[in-house]
Colleague: 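Sharing a structure below in structure tokens format, with a few things to ask.
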Number of protein chains: 2
Amino acid sequence: MLNERSLTVHQDCDQCPIRHRAVCARCESDELERLEEIKYYRKFEAGQMVIWSGDKMDFVGSVVSGIASLTQTMEDGRTQMVGLLLPSDFVGRPGRLTAAYDVIATTDLVMCCFRKSPFEEMMLRTPHIAQRLLEMTLDELDAAREWMLVLGRKTAREKIASLLAIIARRDASLHMTTRAQDGSVAFELPLTREAMADYLGLTLETVSRQISALKKDGVIVLAGKRHVTVPDLERLMEEAGDDTDGGMLV
Amino acid sequence: MLNERSLTVHQDCDQCPIRHRAVCARCESDELERLEEIKYYRKFEAGQMVIWSGDKMDFVGSVVSGIASLTQTMEDGRTQMVGLLLPSDFVGRPGRLTAAYDVIATTDLVMCCFRKSPFEEMMLRTPHIAQRLLEMTLDELDAAREWMLVLGRKTAREKIASLLAIIARRDASLHMTTRAQDGSVAFELPLTREAMADYLGLTLETVSRQISALKKDGVIVLAGKRHVTVPDLERLMEEAGDDTDGGMLV
DNA sequence: CGTTATTTTGACGCTATTCAAAACCAGTGG
DNA sequence: CCACTGGTTTTGAATAGCGTCAAAATAACG
């Protein structure tokens, strides 16, 4: 089901926005050249399915721009988001035939794809790729485990605060975003209430209620439904139940 | 705080019970020899702390026998287990200075340790180690994500059933365990009710109640508090809310 | 046999879910 | 410009499920 918009022209790795963070981050120029031979871009519109759980995976790749989600679904329809894929994040698992999760484009999405078997071959010959992938996978594992604490032990209010804090932090690190001199942070919510609920293990009604509560209590300020301003990030982190006095992850 | 029992004699890798599954699984004999130079064994008693979150990590290693748990704790004492470390599982994260989680010996535990910086050095020169570690980390990531569904979306009863199913499956794969001809499976629970609660994001009272309920409904049979018999594994999987018709993870 | 840890059971309360309806919003076409 | 549509979000009321507190029962241990 490729429409015209799902294919894009070849683009140079040098000017790639995720050049220094993606799986190719450690590659030398000659290694990049070989990667360029097997890479191609694909575009997806918001809501589109990128990969179906159980399907054969014929490519792996990196998120270039936009957001995708990894979700798991039970027979009766309950769904849990198990990962949020941001620019530079890697999709797919070398060494496995079929996809374990649904991958859905949450926003409009551009991916840099590699056909799977050439990529796997190249990984064997190119330690720089395997090393970087290991590093990224370890980071993802940490993120997944951090999220297990959120899912297992936090209240609905803390869950919402945790999600907002994560988005705020990431947004701040990515593009030196709207961070006013008074220390307030502002960002656009990339997720619907339902997507937030699926990420947090809540219902969308509870998400809505808790956002309203945080707003009433002045922890956040809303402009429209999606634009969030956090006057005091420390306050938000406290609400999230996180160690406010500096994380120890060095 | 090393007591005498925490150190053990050097032992040959050839006869190691986790030789084919641990981080060293792909090593050639010459690579093993170099590993043997930097390895040493440590024993821990049930309940002992192996690593404290935030502490400097000066070693990494593999679980040889016994069970350890990775847990995260909030300031107010709420705790969530984020990983169950079984024989052959890897502990520690190359490339990071301090530990992100508490590691606790759930049962008596033997670990095969490597001093961290020699191991990191060796990883750079030995693709076989890095490759295997990547593979193991990807598996752990999958396990963590599977667990996110359990924590986020399953009921207390389903959570208990899921845990029992996991232990049963693993026990069956490890040592061709007590699997009677009628298809029933039996195993020893390696966790206290409290540890189960910490893993499942429940209270120990709820764990106890749900185990009683599963017992009353004939899904499991208890001999003592810890010895579990599962007459019908399919039935247990249904109770866990899992796809009973064969998982698609190939 | 007493002491302590672990587990079970009960009664009650609270949080989050469920079901339902209304408000809001963006887009489309008359 | 307005009415109509479908999707998203908010709000309300009632309920269920799990947590909390308390106490008893059981097992482990010296």
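Keep in mind that what you see is a predicted model, and the values were worked out from it rather than measured. Naming: A, B, ... by sequence-line order, numbering from 1 per chain.
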Colleague: Nearest whole Å is fine: how far is C:dT15 P from A:Leu200 CG?
Modeller: 18 Å
Colleague: According to salt bridge (Lys or Arg N to Asp or Glu O under 4.0 Å), who are the partners of B:Arg235, at least two apart in sequence or on a separate chain?
Modeller: B:Glu239
Colleague: Through what angle, rounded to 10 degrees, does the axis of the helix from C:dC1-D:dG30 to C:dG30-D:dC1 turn between its ends, using five pairs per end?
Modeller: 30°
Colleague: What pairs with B:Cys16 under side chain to side chain contact (heavy atoms under 4.5 Å, CB included), at least two apart in sequence or on another chain?
Modeller: B:Ile18, B:Arg19
Colleague: Atom CG of A:Leu151 to atom C1' of C:dA16: distance rounded to whole Å?
Modeller: 15 Å
Colleague: First and last nucleotide of DNA chain D in contact with chain A, 5' to 3', at under 4.0 Å to a heavy atom: what are they?
Modeller: D:dT9 to D:dA13
Colleague: List every contact pair, protein side and nucleotides 8-10 of chain C side both N or O, where the distance is under 3.5 Å.
Modeller:
residue	atom	partner	partner atom	Å
C:dT8	OP1	B:Arg193	NH1	2.8
C:dT8	OP2	B:Arg193	NH1	2.7
C:dT8	OP2	B:Ser208	OG	2.7
C:dT8	O5'	B:Ser208	OG	3.1
C:dT9	OP2	B:Ser212	OG	2.9
C:dG10	N7	B:Arg209	NH1	3.0
C:dG10	O6	B:Arg209	NH2	3.2

Colleague: Under the side chain to side chain donor-acceptor pair (under 3.5 Å) rule, what pairs show up with a residue in residues 211-224 of chain B, not counting sequence neighbours?
Modeller: B:Arg157-B:Asp217
Colleague: A:Arg226 near the nucleic acid: base, sugar-phosphate alone, or nothing, with a heavy-atom cut-off under 4.0 Å?
Modeller: sugar-phosphate
Colleague: Mind jotting down which residue pairs meet the ring-ring contact (aromatic ring centres under 6.0 Å, His included) criterion with at least one end in residues 65-90 of chain B? Sequence neighbours excluded, please.
Modeller: B:Phe90-B:Phe119
Colleague: Output all residues satisfying ring pair (Phe, Tyr, Trp, His ring centres under 6.0 Å) with A:Phe59, sequence neighbours left out; order by chain, then residue number.
Modeller: none
Colleague: Could you pull out all residues at least two apart from B:Asp139 that satisfy side chain to side chain contact (heavy atoms under 4.5 Å, CB included)?
Modeller: A:Arg93, A:Arg96
Colleague: Using the ring pair (Phe, Tyr, Trp, His ring centres under 6.0 Å) criterion, which residues pair with A:Tyr199? Sequence neighbours excluded.
Modeller: A:Trp147
Colleague: What residues form a side chain to side chain contact (heavy atoms under 4.5 Å, CB included) with B:Glu158, not counting sequence neighbours?
Modeller: A:Met74, A:Arg78, B:Lys154, B:Thr155
Colleague: Among all residues two or more places apart in sequence or in another chain, which pass the side chain to side chain contact (heavy atoms under 4.5 Å, CB included) test with A:Thr192?
Modeller: A:Glu194, A:Ala195, A:Arg226
Colleague: Within this structure, what is the CD-to-P distance between A:Gln210 and C:dA16, rounded to whole angstrom?
Modeller: 6 Å
